[in-house]
Structure formats: structure tokens, C-alpha cells
Amino acid sequence: MLLAHEGANVTLYERHGQLGGRSSAIEGETEAGAFRFDTGPTFFLYPQILRDIFTRCGLRMEDTITLKKLDENYDLVFENGPSLKVTSDIDVLEREIARIDLQDAGRVRDFMVDNRAKFRNFIPVLQRPFNSVLDLLRTDMLRAFPKLRPLASVDRDLSRYFRDPRTRLAFSFQSKYLGMSPYRCPSLFTILSFMEHEFGIYHPVGGTMAVMEAMGQAAQQLGVKIRLNTPVREILTRKGRATGVLTDQRSEQADAVIINADFGRAMTKLVPDRKRRRWKNRSIERKKYSCSTFMMYLGIEGSVPDKGHHTIFLSESYDRNFAEIEAGKMLSEEASLYIQNVCVTDPHQAPAGHSTLYVLMPVGHLRDGGVDWTDETRAQARSLVMARLEKAGFTDIEERIRFEKIITPADWEERYDVHKGAVFNLAHNLGQMLHRRPHNRFEDIRGVYLAGGGTHPGSGLPVIFEGARISSDLVIRDLASRRRFAFFNRRSRKGATHVTS
Ligand SMILES: Cc1cc2nc3c(=O)[nH]c(=O)nc-3n(C[C@H](O)[C@H](O)[C@H](O)COP(=O)(O)OP(=O)(O)OC[C@H]3O[C@@H](n4cnc5c(N)ncnc54)[C@H](O)[C@@H]3O)c2cc1C
């Protein structure tokens, strides 16, 4: 959208028959009618960035996307109690936290005030590229640094406010959005829970796919050519510069190539190892990766009216559960779950008299010596989810299932092209953030730019939109300066703004 709006000639190649990737929809036809599920993202946070992108393109996001702000953010169910109703109203939040610990409730406002300042300081850093270590020395970074507490984890930082581990979990389970444990995730990310309480959680009517469809239409309206069912097989280069892409049909020339495919997967499949300097297969292999997920998409007869839109069920042994996920050697019996019961907000996602449940169980990513996702492991994981669903208060579900689909880490890798099935991409430890994450202007091949969770600022939709904006601005700037250079040399190059994504 951004590139086409600036006048670039953009072609988008998508391997699948629909746009969206991890944000696409799963549809299930049954005798009763069609069920529709979000494949991945269900928490739509901080829509300001997407709204700004539409505005910059001369469009109004609200014309094609309906976002419903949820009255209640989520039900937070601790395995052995209590169950909290979390809203963005701080008075209510204090009251709910008081059910865990009165003293902790008294610190909620301090947490919000401190994180508001941290968020304000850090946001400029997330809005610009990090092309080298020198970018760490810019004033915005120096201003943000004192608030960073780089050696502390999210959990440790929270212990400055909250003494009960369950309160800390209520403000730190969000590190799972990055596929990380709160005991290892850098303290910067306390801003995730802050953002939920400060700005609320949205549901796009029609599911997250409705946002992708609206963006696809907007892109086409701005002149982007979309080629579905067209996998890119190779990024073409000459003398260290990208010259286009190879598809099954032909090779396409371009002045810039933007890779939005999963970073590890795209590099190892689309760019020969010898053409990369920093990001060799060996170094990609050695990186730390986020966790993966075992997913169940259930179309059920009847509804689950006593449950909210989002339920977070937190295991009594959350730390051990996460240690087992990180080790990735076996399925953790003490699994935590996230459940979306979308029909309480958006009943059209299921046929009349039915509803859907989306169940996510975090599991380890694929690795040597890790869980082997055979049919037997799948069945074992399914039984585990069913048992944990009962524990979370979702009783009598199994006999009402009329549609069911499962996605395992192996499916994420094979069908969704996610390297190691690590759905939240490279981990977000400090050693893999900022200039140490693959750069937006890709450092190994001139003319290649990255978008998506594998580049700066990182994974999660709002952050990915921000990263796309950073990369688009770099492309526009670089192509403009190449054009000026060409003009200077009196050799205006034909098609100099042709961009392939
Ligand atoms: C289960 C789950 C739950 C999540 N929950 C949330 C949430 O609640 N909120 C949130 O903000 N984020 C959430 N996320 C994270 C979010 O989904 C991801 O960060 C984001 O969708 C990743 O987007 P991406 O553009 O990086 O990659 P993708 O969505 O994977 O997009 C890459 C695209 O490239 C295409 N592609 C790959 N290879 C090729 C090729 N060779 N040729 C052509 N096309 C190709 C793919 O088909 C795909 O369409 C969740 C993720 C998962 C999996």
C-alpha cells in the first residue's frame, strides 16, 4: 500500500490462494453451514499504526474495517483460582487484583504510570531502522536506555511492584505473544500488558482475515498487482544486488525485492547460502527461536455463553510448564491454554445455533531431539487439550464438536512456511533485537528489504505494520536516490520504481 501510494510499480507474490499467511482464515464447511476461524492473531492491539498507514495512502481504515473494542479484555483463570475479569478500566483492574493480593492492587497505578513513561520513551526507537551498532547511540535510544533495565526479565522487573507471583503473571503472560517466557523475556516488554490496559483490545468484525482482505483491496485500489498461488522459488541477484524473483512461470525483474516470508525459511529456501555473509544457514541455525503452538479449531453445536471472548488459562506450574516448552523435548502435562470464544462478540463466525472455539496450547518449536509430531503425538496433544479445557471450565465441549481442525508445529513449518514452526519468529532476547535482528534494509544483499516478524521491530501485528512502514520508507528513499543518481548521470533507468514483494 505504502509503496504503491508513492508511485512504485508493485507486484505481490503469494504462495497460497488467499492473502494473510498466519493472519488468514480457516474455513470449515459442515452440514449445518460454514465455520470461520482466525488462524493466528486474535488480539488486535494498538490499531493506530494501521490507521496511520491507511491515512498516509489517502484512505480511511474505518471505511473497510470495523474494529470492536472489547468491554472486557479477557478472563484470566488461574488453575487453582482466582478467576479475574480483566478490563481496561483501572478501577476494575485494581479491584480484581485485590482478589489476589491487596498490597499488589495498591501498586497497579504505579505500574501504569512508569510504563506509560517507558512506552513514550521507547516508541520512537520502534519507529526507525537499526542499520548498525551506531544507531544505538542516537538520542532517542539514549533517552530510552535508563528505562530499559537491560539485564532484568519481565518477571524480575514486575517484582518491583508486585509480590504475589500470580499478580506478576497477570502482567507478564503477554510475553507469550512473543513466544517467550516472562522469566527470560527482556523487561522492556512489560509495555505489552501496559498497552492492553491503556489502549484496550479490539476484535476486527469478520476476524483478523477481514483486515487482511481490506488491506488486499486497498493495495489493489492503489495499483498493486496481486499474484495468488505464485510461490517465489528464488531471489535473483547479480553482483550482490537483487535483480528480481523467479517463479514457476518466469523470472521477474525488479529494482527492489521485499521479503515478507518468514525470515529463516525464506533465507534457507530462496537465497543460496554462498550469497549471504552474516546470515549463513549455520548462523540462522544457531539463533534462538520463539515457542510454537498446538492449535485446535472447533466448530461446536450450541454456544458457550458463560465464557468471555478471550480466556487465558494459566497453569498452576506456569514456570515449569514454560521450562518444558523451552526445552521442547516433550509435551508439558501442565499446559496453559488460550481460548477464543469469538461468537459472543461476532456470531456470524459460525452457522446459526453453533459457535466456534479456537484453542492454543504453547509447545516447543521443532528441533533435533524434540517432540516428533507423529499421528500418535497429535492424538496425545489433543487429549491433553481436552483435559485442560475441562480444567479451565469449558465442560461438555467434546460431545458437541461438529467441525475440528488441528495445526501442529510441523504443520506450521510445512503448510505455513514457518521456520522450525516458531510462529513468533526469532526470539526477542536483547541479543536478537534492534541492530542484531535481520535489518529492514537487508544487510547481506543490496536491493533486498525485509518485512514481517523476523526483522526489526519484531513479531506481532502492530509491530509488523510498523516494520513494514520502516522498510517501505527505506525503499522509497533508496529508489529516489538511485533515480537522482541516474538522472545525474543522464541515464534515466526504465522501470526504476518497479518493486517486487
Ligand atoms: C497461533 C498464533 C497466534 C497469534 N496471536 C497473535 C495475536 O493475538 N496478536 C498479534 O498481534 N499477533 C499474534 N500472532 C503473531 C502474528 O500472527 C504474526 O506475528 C504475524 O502474523 C506474522 O506475519 P508475517 O507477515 O511476519 O508472516 P506471515 O503471516 O507468515 O506472512 C508471510 C506470507 O508469505 C507467504 N510466503 C511464504 N513463502 C513464500 C514464497 N516462497 N513465495 C510467495 N509467498 C510466500 C506466506 O504464504 C504468507 O502469506 C500470532 C501468531 C500465531 C501463529
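When a ligand or atom number is given, it counts from 1 through the structure's own listing order. If you read the sequence from its start, that first residue is 1, and numbering goes on from there.
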Next item on the list: May I ask you to check whether Y318 and F313 place their ring centers less than 6.0 Å from one another?
Entry: no
Item checked: Aromatic contact, Y289 with H419 (centres under 6.0 Å) -> yes
Close-contact set for ligand 1 against [X] heavy atoms, below 4.0 Å:
X	answer
V423	53 (C)
G21	29 (O), 48 (C), 49 (O)
G460	11 (O), 12 (N), 19 (O)
S459	19 (O)
G452	26 (O)

If you measure from each heavy atom of [X] to ligand 1, is any distance below 4.0 Å?
X	result
Y358	yes
G20	yes
Y177	no
N260	yes
L360	yes
P462	yes

Margin query: Could you tell me if Y338 and T42 have a donor-acceptor pair between their side chains, going purely by distance under 3.5 Å?
Written below: yes
Item checked: Exercise: do H309 and T345 side chains pair donor with acceptor under 3.5 Å -> yes
Min N/O separation [X] to ligand 1 under 3.5 Å:
X	value
M295	no
P231	no
T39	no
T230	no
T42	yes
E14	yes
D262	no

Ion pair present between [X] and [Y], side-chain N to carboxylate O less than 4.0 angstrom?
X	Y	value
R282	E285	no
R184	E326	yes
D417	R22	no
E79	K391	yes
D75	K85	yes
K420	D262	no
E398	R382	yes

Nearest-contact summary for [atom] - protein heavy atom, Å:
atom	result
atom 9 (N) of ligand 1	F43 O, 3.0 Å
atom 44 (N) of ligand 1	R15 N, 3.1 Å
atom 26 (O) of ligand 1	G453 N, 2.9 Å
atom 21 (O) of ligand 1	S23 OG, 3.3 Å
atom 20 (C) of ligand 1	I464 CD1, 3.5 Å

Check: Parallel, tilted or perpendicular: which fits the ring planes of H197 and Y74, with parallel below 30° and perpendicular above 60°?
Finding: tilted
Item checked: More than 12 heavy atoms of other groups within 6.0 Å of D71 CG -> no
Between [X] and ligand 1, which residue portion shows a heavy-atom distance shorter than 4.0 Å: side chain, backbone, both, or neither?
X	answer
K269	neither
Y13	backbone
F424	side chain

Checklist line | From the candidates L461, L450, N229, V232, the one that places a heavy atom nearest atom 42 (N) of ligand 1 | finding: V232
Check: Going through the checks in order, is the ring-ring contact (aromatic ring centres under 6.0 Å, His included) test met by Y202 and F44?
Finding: CA-CA 5 Å; Y202 292 82; F44 203 80; 7.6 Å; no
Next item on the list: Before giving the answer on side chain to side chain donor-acceptor pair (under 3.5 Å), spell out for Y177 and E196 the whole-Å C-alpha distance, their side-chain angles and the decisive distance to 0.1 Å.
Entry: CA-CA 12 Å; Y177 302 167; E196 287 176 356; 2.3 Å; yes
